[in-house]
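See structure below.
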Amino acid sequence: MSHLYRNLRIHQIFGANTDVGKTIITTALVKASALNLKNVFYLKPVSTGAPQDADDQHIKHFAGAYKDLIQTKCLFRYSDPVSPHLAVKLASKNQNDGHSTPSDETFITAIADYIRRCSVTVPRSGHMYVETAGGVHSPTLMGTTQADSYRPLFLPTLLIGDSKLGGISSTISAYESLILRGYIIDAVILFREDYYRNSEYLIPYFAERGVYATDVESPPERVDDVTKDYSFTEDYYAKIVPTSCDSTIFDTLQHLDDAHIRRLDKLDSMPKRTIDAIWWPFVQHGMIKTEKDVTVIDSAWSDFFSIYEPSSKSPLSFNEQSLLKPQLDGSASWWTQALGHSHPSLALAAANAAGRYGHVMFPQATHFPALQLAERLVHVGPGKGWASRAFFSDNGSTAMEVALKMALRSFSVNSRHPFHPSEKKNLGIIGLKGSYHGDTIGAMDASEEGVYTCEWHQGRGYWFDPPTVSMQKGSIKISLPTALSTTSQNPSETFKSLSHVYDVNARLDTPLAILYRNHIERTLQDLKEHGHKLAALVLEPLVMGAGGMIFVDPLFQRLMVEVVRDPKIFQFPLPVIFDEVFVGLYRLGHQSSAPLLRTNPDISVYAKILTGGLLPMGITLASDHIFQAFNSSNKTDALLHGHSYTAHAIGCQVANTTLDIVEQLVDSQPWAEAQRKWESEDQDVACKIWSFWDPNFVDSMSHLPAISEVMALGTVLVIKLQDNAAGYASQSAQVILESIKESNTINPTVSAAPGGAPFGIHYRTLGNVAYFMTSLNTPRATIESVENRIWEALSNPTK
């Protein structure tokens, strides 16, 4: 992961193209650093071609009088003068050793290890230059382009521009490729050339964008006479790197040093500035005691934050030297991440749509990203077989308000009852205790009053206390609420596996199903008799997230849907809303909850994973029956609801790209392997339940004394701790897991991030409930590391 040191300023050298003079300019910078009496490290991660022509050898040849201050290193060297991805294949073929190509992770880990080793050898201050090969998108060993392969290191960048014909275009293109991937570009430098004069255009171009850019004199043409060529090159370096330390190279060196200091100063100042200026969501500011309570996120990549920790516990420790530490994003950035942070395909999709459309108004208009997204969600996605329309909005909460508006109007129209305006305002919904549908006030009113509601809250409806599913001491249990468990007979079921719990159709004729149905019917009949006007059923299917990660017995929710559609209970079926903002689009391992509940909604809502966690967007799907309640020749009958950024093209394009990638993951080997681990002993279950979390780990966790119950589905792992003061206000989960926030430097093999560094885990809790969430593409090795850390913390909680 990212590297940042006070004593070692590091810059990565990218080239706008091959043969643009990266090594020449890097050599000048190395010599200038040495002249300033800095310890200098030069790293060429991969080199191809004859060893005597290698770039690290060039640095050694021209190190000059200060060569004792300069260390050079090449990590992967291949003799064939071709692209690295071909060179490694040719080397393996020529040696006939069958060795596999080093993976991207192996490649990056080797670089990271070398950087860490160098950092502890610097007594006061030093400079490091990491020179790439070829252009920005030249392949590395696995064939991944350099811009993507090096991204986990997130090193500040110096871009060497192209001074040849076509160099203006290639330099700007390279710059934009790096910017799209989030790189910090501290400087652009290129050769001064009298014919094409690219620098005359590029220097002001970058200056307008706030980027330092400069040029240096071009090197002499190479000559065949080796002695003369060496002499001419020596004279050139003496000219552009004079002992007087007065040249463009030294100005650039000073700029890079200043950029390094500015970055450190900015990071140092962020906690106090944040406390003084920001009002956080879901945070009691009165509990923030010091600036150390602020997590400063410098960047993020894959499943990890790169957080700034200015004070190291062990300044000279091999693993504690970097000021940036990897920290696993244990809540998948509050349930939004699908593909990890900084996914280049999503960044490119966003940039493409921004460049093509920006934002365009949507009523009575269309654009291809929105149309494509609507059609795939309605016809082949979660709406297949029941939905006819997609309505776009800003986020999950606003999409739920749209759903409520649709449902209430549909009820009013289909009831054929001339409601008085005051009656319409008192229409209620049916839901579940612990439900949460967003923080906009309309969405709040669709939930029972609780910690998330506000002074204007007027809960409109009735909320059933649901039975829940969990694993307790290795057994799968259905826990009944008081309203059901106090009946004269409490039927129970024994389940061989979680898949049998979610095989809803097979459970419809069980005694527990009869108990559920009778309870739901009696309750609703009683509410009707007391004058309650109930207009819709609103469910968070399977898991109620913000309410405490409550896994509801799917049979109970299925029967709720059946009862509200039963003509014996209501004159006509009530609209059914599935709030799938949290659970939808494979969060729980399935595209939607409908195949598990074996019933479709009339309206469903999607957000979060929809756009891969990159930006907000919400979509409400509706059946044709719901749509027709608004369809007439009267303008005021229309759904007069919308947002300024409805169907913004950037969000739509990112969503389409996300769904493209997710569809590939569904058929991937890691998914198949995870599913096999959860295969039931009986293969007769209709819908297989599985998780990315290992079933043996989940079972073992359920036996720990500190834990009352555990559940895992798809990406989600939920651990409920034993706590007499359970509830949102409880701090038990936060306290008992505190140790996992820190990197495990004692036993780093328990958890190592890409690049080999031990990582901490950033997590959030809901009272006495701790939850952890992966992306849809989190490597199994990372998940196993997290499992080890959780086990370490909870198996001996007194440590």
Quick check against the 3.5 Å criterion: does [X] have a side-chain atom that pairs as donor or acceptor with the backbone of [Y]?
| X | Y | value |
| --- | --- | --- |
| S691 | G714 | yes |
| T440 | G442 | no |
| R780 | A674 | no |
| T620 | A399 | yes |
| S785 | A781 | yes |

Can H85 and S83 be said to form a side-chain hydrogen bond (donor to acceptor under 3.5 Å, both in side chains), step by step? CA-CA 6 Å; H85 76 291; S83 175; 2.7 Å; yes
Testing the basics here: between [X] and [Y], what is the closest heavy-atom pair and its distance to 0.1 Å?
| X | Y | answer |
| --- | --- | --- |
| V583 | V543 | CG1-O, 3.7 Å |
| V654 | L346 | CG2-O, 3.8 Å |
| P382 | Y606 | CB-OH, 3.1 Å |
| R181 | L348 | NH2-CD1, 4.1 Å |
| G15 | L159 | C-CD1, 4.0 Å |
| T611 | G651 | CG2-O, 3.6 Å |

Indicate yes or no: does R376 engage E663 in a salt bridge with an N to O separation below 4.0 Å.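 So R376 pairs with E663 through a salt bridge.
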Centroid separation under 6.0 Å, is that true for the rings of [Y] and [X]?
| X | Y | value |
| --- | --- | --- |
| F107 | Y150 | yes |
| Y436 | F582 | no |
| H367 | F362 | yes |

With heavy-atom distances below 4.5 Å as the criterion, would you say the side chains of [X] and [Y] are in contact?
| X | Y | result |
| --- | --- | --- |
| S397 | H437 | no |
| Y175 | Y183 | no |
| L267 | V296 | yes |
| Q557 | P541 | yes |
| L202 | V188 | no |
| L588 | S593 | no |
| P156 | R263 | yes |
| V716 | V718 | yes |

Within this structure, what is the [atom1]-[atom2] distance for the pair [X] and [Y], rounded to the nearest 0.5 Å?
| X | Y | atom1 | atom2 | result |
| --- | --- | --- | --- | --- |
| F627 | M406 | CZ | CE | 9.5 Å |
| F692 | M773 | CZ | CE | 13.0 Å |
| I689 | E679 | CD1 | CD | 13.5 Å |
| D694 | E787 | CG | CD | 5.5 Å |
| E401 | H641 | CD | NE2 | 6.0 Å |
| L615 | L610 | CG | CG | 9.0 Å |

Other residues, nucleotides, ligands: >12 heavy atoms within 6.0 Å of K405 NZ: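 Atom NZ in K405 is packed in, count exceeds 12.
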Have [X] and [Y] got a donor and an acceptor in their side chains that come within less than 3.5 Å?
| X | Y | answer |
| --- | --- | --- |
| Y586 | W671 | no |
| D660 | Q664 | no |
| N17 | S170 | no |
| H137 | S177 | yes |
| T398 | N395 | yes |
| D298 | S306 | no |
| N656 | Q653 | no |
| D303 | S775 | yes |
| T132 | Q12 | no |

Excluding sequence neighbours, so at least two apart, what forms ring pair (Phe, Tyr, Trp, His ring centres under 6.0 Å) with Y645?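 Y645 satisfies ring pair (Phe, Tyr, Trp, His ring centres under 6.0 Å) with H359 only.
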What orientation do F772 and Y763 show, parallel under 30°, tilted 30 to 60°, or perpendicular over 60°?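 Correct class here is tilted.
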Can the positive tip of R209 be found less than 6.0 Å from the middle of the six-membered ring of Y205, inside 45° of the ring normal?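 Yes, a cation-pi geometry holds between R209 and Y205.
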Residues 327-334, side-chain donor-acceptor partners within the protein, below 3.5 Å, at least two apart:
| unit_1 | atom_1 | unit_2 | atom_2 | d |
| --- | --- | --- | --- | --- |
| D329 | OD1 | A332 | N | 3.4 |
| D329 | OD1 | S333 | N | 2.8 |
| D329 | OD2 | S333 | N | 2.7 |
| D329 | OD2 | S333 | OG | 2.8 |
| D329 | OD2 | H341 | NE2 | 2.8 |
| S331 | OG | W334 | N | 3.3 |

Going through the distances and angles, do T106 and T109 end up as a side-chain hydrogen bond (donor to acceptor under 3.5 Å, both in side chains)? CA-CA 5 Å; T106 299; T109 299; over 6 Å; no
